[in-house]
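Here is the structure we will look at.
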Amino acid sequence: MSRRIDGEQCIGCGQCQRVCLVDCIYQETGRKRKVNETECVDCGACQMICPKKCIVSI
């Protein structure tokens, strides 16, 4: 499994990127974040800290 960030809901706060244990979240155009799904270890840290709850398991 992995995580995915809903780009429509993401406010670009960067909290998910700061807590990512394997540094697999990066900034896309603007302030939005994206998960490198092949590097994600599915720890859930990003999902728990997201203030908009826009990170989901896939």
Is a side-chain N or O of Lys32 found less than 3.5 angstrom from the main chain of Cys10, in a donor-acceptor match?
yes
Do you know the tightest heavy-atom contact between Met1 and Asp42?
CB-OD2, 3.5 Å
Spatial distance of atom SG (Cys43) from atom CE (Met48) [nearest 0.5 Å]:
6.5 Å
Quick check: do Ile5 and Ile25 have side-chain heavy atoms less than 4.5 Å from each other?
yes
State, with a plain yes or no, whether a side-chain heavy atom of Cys13 is found less than 4.5 Å away from one of Pro51.
yes
If you count the non-hydrogen atoms of other residues, nucleotides and ligands that lie under 6.0 Å from NZ in Lys34, is the total more than 12?
no
Kindly give the heavy-atom pair with the smallest separation between Gln9 and Cys54, and that separation in Å.
OE1-CB, 3.3 Å
Evaluate the side-chain proximity of Cys50 to Gln15: yes if any heavy-atom separation is below 4.5 Å, no if none is.
no
Rounded to the nearest 0.5 Å, what separation is found between the CG atom of Asp23 and the CD atom of Glu39?
8.0 Å
Heavy-atom donor-acceptor pair, Gln17 side chain to Cys20 backbone, under 3.5 Å
no
State, yes or no, whether a side-chain contact exists between Val22 and Cys40 at a heavy-atom distance under 4.5 Å.
no
For Ser2 versus Val35, what's the shortest heavy-atom pair and its separation?
OG-CG1, 4.4 Å
Under a 4.0 Å threshold between the charged nitrogen and the carboxylate oxygen, would Glu37 count as salt-bridged to Arg4?
yes
